[in-house]
Amino acid sequence: MKQLKYFFFALVCTLFASCMGEDYASPALDEPPFGNNALKETNVLTIQQLKDKYNNVINNSSMEEVTEDIQIKGIVTGNDIGGNIYNEVSVQDATGALLVCITQGGLYGPLPVGQEILISLKGLMIGGYGQQPEIGGVYTNTKTGAQSIGRMSRYIWDTHYKLLGKADPAKAEALMETFDISQISNANYLAAHCGKLMKIKGVALKDADGKKVYAPDDGSVALTANCANRAFTGIDQNSLVLRTSTYADFANTIMPQGEHDIVGIFTRYRNTWQILLRTIDDVKEAEPEPTALFEESFLDAERKQGDFQIINVKKPDDLNYVWNWDSRYGMKASAYVNSVYYETDSWLVSPAIDLSGKSDATLSFAQAWRYGNGAEDLHVYATTENFNNTIDETKWTELKLDVWPDGTSWSFMTSKASLKSFAGKSNVRIAFRYTSSSTAAATWEIQNVSID
């Protein structure tokens with residue numbers, strides 16, 4: 001009887017094995033095991049273009065289903081690896097950032113920091129939670145029935161994203177910007193940068209005393225949605241806080257005293273910046289600020305354009321100016337007035353800068369532009385020739401910038417150019433040259449010029 005039982009058992013196993021023959025699909029080892037590998041790039045918008053498209057929905061903290069077949073592409077800059085970011089990832093490209101909200105734990109597995117992804121938006125919800133741009137699903141308050149932007153299910157998410165290449169943390173690092181504390185209350189700056197991976201330098205946590213922890217769950221600190229909002233010394237808590245979940249891996253870590261550089265995802269809740277640490281490694285002792293060889297912010301109401309000169313090579317009499325100082329945006333150039341394009345050539349020229357004794361130097365400045373021919377008509381130059389308030393273009397060398405804004409938004413981008421060939425010289429000037437024609441005229445904004 002026992003032999004008969006073994007015989008039938010062997011027969012069943014043989015039958016099951018025969019079912020898994022040549023027709024059984026082997027996994028595709030050359031494709032990522034997560035997401036929807038069938039997605040193709042079509043109708044890809046920048047993140048800023050998407051935010052502009054749904055600006056009213058986001059600003060009103062409402063939501064709307066995406067009905068068009070559009071996509072975005074970006075780098076994952078933050079996830080739940082440290083337990084502080086819950087059921088969401090931050091996604092960023094060169095133009096902006098937003099949060100993608102998913103009812104799924106362990107997102108750091110398929111979506112590590114530095115992973116580029118393609119997201120198909122049709123059928124997903126887009127909206128603002130406290131004006132923070134988010135992609136997700138519908139959240140329904142079970143008590144009131146009110147609906148708002150919330151998380152999508154993991155099953156829906158799996159059909160809407162595709163992994164592009166391998167994760168590279170350096171890609172996220174390259175997108176990180178330094179938070180400009182002078183713009184903390186600037187509504188345009190808030191809208192353009194919320195959701196980004198950023199760093200704030202040289203700040204101190206107000207309550208750090210060598211004993212208090214980030215997010216205690218013992219009643220000693222008021223919590224909002226299981227999170228503690230920690231203030232910074234000298235900064236209004238209504239403007240900026242460090243927000244930490246009581247479920248974060250580092251919730252009970254003692255807050256460091258003294259000045260630190262803090263990296264995180266800079267989200268917003270209405271007009272308050274909320275920094276979300278990804279891991280405790282995002283908090284480091286403040287690095288000493290290098291002394292710049294030259295600086296001009298164009299944001300100081302007393303200095304305005306500083307020691308820069310405006311030289312108009314070509315300016316029609318109908319224009320009062322091409323370059324002009326703006327308290328919100330810095331130095332601004334435009335030749336479009338009353339629906340008319342004007343042909344111009346106008347230079348914004350720095351004072352002489354001493355680079356003697358230096359073996360290298362780098363120009364850095366923040367810029368934004370829109371309209372016209374953009375980068376075709378906008379140029380940056382340097383010279384060591386004597387300058388007598390006139391322009392001889394042959395004596396200037398055009399500089400090659402590492403990046404240009406794409407001209408689709410007013411988001412400022414930091415651009416850099418090597419001045420190595422000018423190092424060791426004592427009479428270096430740089431110039432921003434704006435040109436326009438009778439058929440096209442861009443608007444160009446410049447701020448935070450420095451040479452290091």
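Residue numbers start at 1 and run along the sequence shown.
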[X]/[Y] ion pair, N-O < 4.0 Å:
X    : Y    : answer
D326 : R328 : yes
K53  : E68  : yes
D207 : R230 : yes
D168 : K171 : no
R151 : E88  : no

Between [Y] and [X], do the side chains contain a donor N or O and an acceptor N or O under 3.5 Å apart?
X    : Y    : answer
Y381 : R433 : yes
S409 : T95  : no
D180 : S182 : yes
S437 : E343 : no
E376 : N373 : no
H379 : E398 : yes
Q367 : W444 : yes

Quiz: residues 355-363 side-chain donor-acceptor pairs under 3.5 angstrom, not counting sequence neighbours:
residue : atom : partner : partner atom : Å
S356    : OG   : D354    : OD1          : 2.6
S356    : OG   : D354    : OD2          : 3.4

Centroid-centroid under 6.0 Å between [X] and [Y] rings:
X    : Y    : value
F432 : F365 : yes
W323 : F308 : no
Y86  : Y247 : no
Y434 : W347 : no

List the steps, then state whether side-chain contact (heavy atoms from CB on, under 4.5 Å) holds for Y329 with N188.
CA-CA 10 Å; Y329 309 119; N188 292 322; 3.0 Å; yes
Least distance between heavy atoms, A417 atom then L399 atom:
CB-CB, 4.0 Å
Of all heavy-atom pairs between W396 and R429, which one has the smallest distance, and what is that distance?
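The answer is CZ3-O, 3.8 Å.
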Side-chain contact test, heavy atoms from C-beta onward, threshold under 4.5 Å: evaluate it for [X] versus [Y] and give yes or no.
X    : Y    : value
K51  : I47  : yes
T443 : W369 : no
R268 : Q274 : no
L205 : M255 : yes

The test is side-chain contact (heavy atoms from CB on, under 4.5 Å); show your working for I311 and S346 and say whether it passes.
CA-CA 6 Å; I311 308 297; S346 185; over 6 Å; no
Steps toward side chain to side chain donor-acceptor pair (under 3.5 Å) verdict (S62, N60)
CA-CA 5 Å; S62 55; N60 291 327; 5.0 Å; no
Using side chain to side chain contact (heavy atoms under 4.5 Å, CB included) as the criterion, point out the one residue from T267, I126, L99 that pairs with E134.
L99
Would you mind telling me which of L98, T77, V100 makes a side chain to side chain contact (heavy atoms under 4.5 Å, CB included) with V89?
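So, applying the side chain to side chain contact (heavy atoms under 4.5 Å, CB included) to V89 and each of L98, T77, V100, only V100 qualifies.
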Could you walk me through whether V349 and I391 pass the side-chain contact (heavy atoms from CB on, under 4.5 Å) check?
CA-CA 10 Å; V349 182; I391 297 293; 4.3 Å; yes
